[in-house]
Amino acid sequence: MSTTGSGPTVTEVVAELERRYPPVWAEDWDRVGLVLGEPSAPVRRVLCVVDVVPETVAEALDAAVDMIVAHHPLLLRGVSSVAPTTYKGRIIHQLIRAGVALYVAHTNADVAAPGVSDALAARFGLTNLRPLRPAAPGSPAYGPGRGFGRIGELPGPMTLAELTRHAAAVLPATSWGVRAAGDPGRMVRTLAVSGGSGDAFLGDATAAGADAYLTADLRHHPAGEHLAAEGTALLDAAHWATERPWLDDLAALLRETTGVEALVSDLDTDPWTMHASAPALDDKELRT
């Protein structure tokens, strides 16, 4: 933890975060907001991360930060113990001992405008953005541009094969890379994107008229049924890679509104660490 200078308090940093990402916008099942930290403690340096895991906690402690702002909740489901003998308890004890606050903005950041999917869309230069699934009228998040995912126009048309290679180049590198489903020669002009697990929005991508949909964690049966029903082409990237772009926007927000030094973690927290393509079964080259 920093020991020199002054800065806003934890409460003041939280207030700025919640102006942009009100907790009431989060899904009912979600757990967002301040998890750890003395409200009156000063904050000079913040680390923005996708996941609160031992590796990003070690990074935070090495950087002597006063606060971590994470996308994924550490305590999403109920626990009966935070003993240091447990995985999450060990993390909590480390942060408390070091005086590091922890704040989470999850689905409230997903639906915000700008939010997680806007940052993902920016990697592809999408224009004329609109929500893939707009926030429902009467819901707390209802408002201009807000909702899950984004759909927009690419700067120029690409085949699905070209777009897949382009996605692998513009997204943060992971062992998972990017895989695609559909005709490699299909022309893509309109692209839908959703940061994180997005197979709940497969139908929305087709209904919105997207030529292709990029997200993470696509499952075998939903993807297969979607394609069989002549749905959009699909691109499946690593979960972390689709949400990491938002951290840059988050850090910029913190710098502008609070004056803190905001760092961004580039530690790849995707659990898949190796990838091998199967050798061709015959002499026919795969055109992907």
Side-chain angles (χ1 to χ4, degrees), residues 1-2 5-52 56 60 65-76 95 99-123 129-150 193-196 242-265:
M1 182 173 177
S2 300
S6 61
T9 64
V10 168
T11 294
E12 290 167 339
V13 174
V14 167
E16 294 298 337
L17 287 165
E18 295 187 348
R19 285 190 182 94
R20 177 67 62 90
Y21 313 115
V24 70
W25 291 357
E27 296 291 284
D28 290 342
W29 50 264
D30 205 2
R31 298 294 177 266
V32 302
L34 186 65
V35 180
L36 300 168
E38 289 290 341
S40 61
V43 178
R44 305 168 189 88
R45 183 177 295 169
V46 176
L47 180 66
C48 302
V49 306
V50 173
D51 296 293
V52 185
T56 53
V65 305
D66 306 294
M67 188 174 192
I68 294 173
V69 179
H71 185 47
H72 291 148
L74 175 64
L75 301 174
L76 181 59
L95 294 177
V100 177
L102 172 61
Y103 185 88
V104 171
H106 190 212
T107 52
N108 49 329
D110 288 331
V111 300
V116 173
S117 290
D118 294 280
L120 178 57
R123 292 289 177 115
L129 286 183
R130 59 191 187 277
L132 183 57
R133 180 179 290 177
S139 69
Y142 181 68
R146 294 200 287 269
F148 287 103
R150 295 293 183 266
V193 299
S194 181
T242 64
E243 295 176 328
R244 160 60 186 84
W246 172 68
L247 299 184
D248 294 320
D249 293 352
L250 173 63
L253 170 70
L254 290 168
R255 294 183 196 112
E256 292 165 8
T257 60
T258 70
V260 299
E261 181 183 0
L263 312 176
V264 171
S265 173

| task | Using a cut-off of 6.0 Å, state whether more than 12 heavy atoms not belonging to E38 lie near its atom CD. | result | no
| said: With a 3.5 Å distance limit and no angle check, can you tell me whether H71 reaches the backbone of A105 through a side-chain donor-acceptor pair? | reply: yes
| field | Gap separating the CG atom of L247 from the CG atom of L47, nearest 0.5 angstrom | value | 8.5 Å
| Qualifying residues under side chain to side chain donor-acceptor pair (under 3.5 Å), relative to S265, sequence neighbours excluded | E59
| Taking 4.0 angstrom as the limit, do R133 and D110 come out as a salt bridge? | no
| Do the non-hydrogen side-chain atoms of L263 and R45 ever get within less than 4.5 Å of each other? | yes
| task | Please round to the nearest 0.5 Å and tell me the distance separating atom CZ of R44 and atom CD of E261. | result | 12.0 Å
| request: Using modelled atom types only, decide if a donor and an acceptor are shared between the side chain of T258 and the backbone of V13 within a distance under 3.5 Å. | output: no
| At what distance, to the nearest 0.5 angstrom, does CZ of R255 lie from CG of L250? | 9.5 Å
| Where do G195 and L120 come nearest, in terms of heavy atoms and distance? | N-CD2, 3.7 Å
| task | Write down the atom of L74, the atom of V52, and the distance for their closest heavy-atom approach. | result | CD1-O, 3.9 Å
| query | Is L17 close to Y103 at the side-chain level, that is, under 4.5 Å between some pair of heavy atoms? | reply | yes
| note | Rounded to the nearest 0.5 Å, the CG atom of D30 sits from the OG1 atom of T107 at a distance of 3.5 Å
| said: Counting C-beta onward and ignoring hydrogens, is there a side-chain heavy-atom pair between H72 and V104 closer than 4.5 Å? | reply: no
| note | Applied to residues 12-22, the salt bridge (Lys or Arg N to Asp or Glu O under 4.0 Å) test, sequence neighbours excluded, yields E16-R19
| field | Shortest non-hydrogen contact from M67 toward V10 | value | CE-CG1, 4.4 Å
| note | For V49 and I68 the tightest heavy-atom approach is CG2-CG2, 3.8 Å
| query | Between the side chain of N108 and the main-chain N/O of H106, is any donor-acceptor distance below 3.5 Å? | reply | yes
| said: Any non-hydrogen side-chain atom of R146 less than 4.5 Å from a side-chain atom of P134? | reply: no
| query | Looking only at heavy atoms, which two atoms of L254 and A262 are closest? And how far apart? | reply | CB-CB, 4.2 Å
| Between the main-chain N or O of W246 and the side-chain N or O of D249, is there a donor-acceptor pair closer than 3.5 Å? | no
| Residue pair R130, R150: steps toward the side-chain contact (heavy atoms from CB on, under 4.5 Å) verdict | CA-CA 6 Å; R130 59 191 187 277; R150 295 293 183 266; over 6 Å; no
| Do P8 and V260 have side chains that get closer than 4.5 Å, going by heavy atoms? | yes
| message | Looking at every heavy atom in both S117 and G149, which two are closest together, and how far apart are they? | response | OG-CA, 3.5 Å
| Yes or no on side-chain contact (heavy atoms from CB on, under 4.5 Å) for Y21 and V116, after CA distance, side-chain angles and deciding distance? | CA-CA 11 Å; Y21 313 115; V116 173; over 6 Å; no
| task | Apply side-chain contact (heavy atoms from CB on, under 4.5 Å) to V32 and W25, showing your working. | result | CA-CA 10 Å; V32 302; W25 291 357; over 6 Å; no
| message | Is there a side-chain contact (heavy atoms from CB on, under 4.5 Å) between W29 and L76? Walk through the geometry before answering. | response | CA-CA 8 Å; W29 50 264; L76 181 59; 4.1 Å; yes
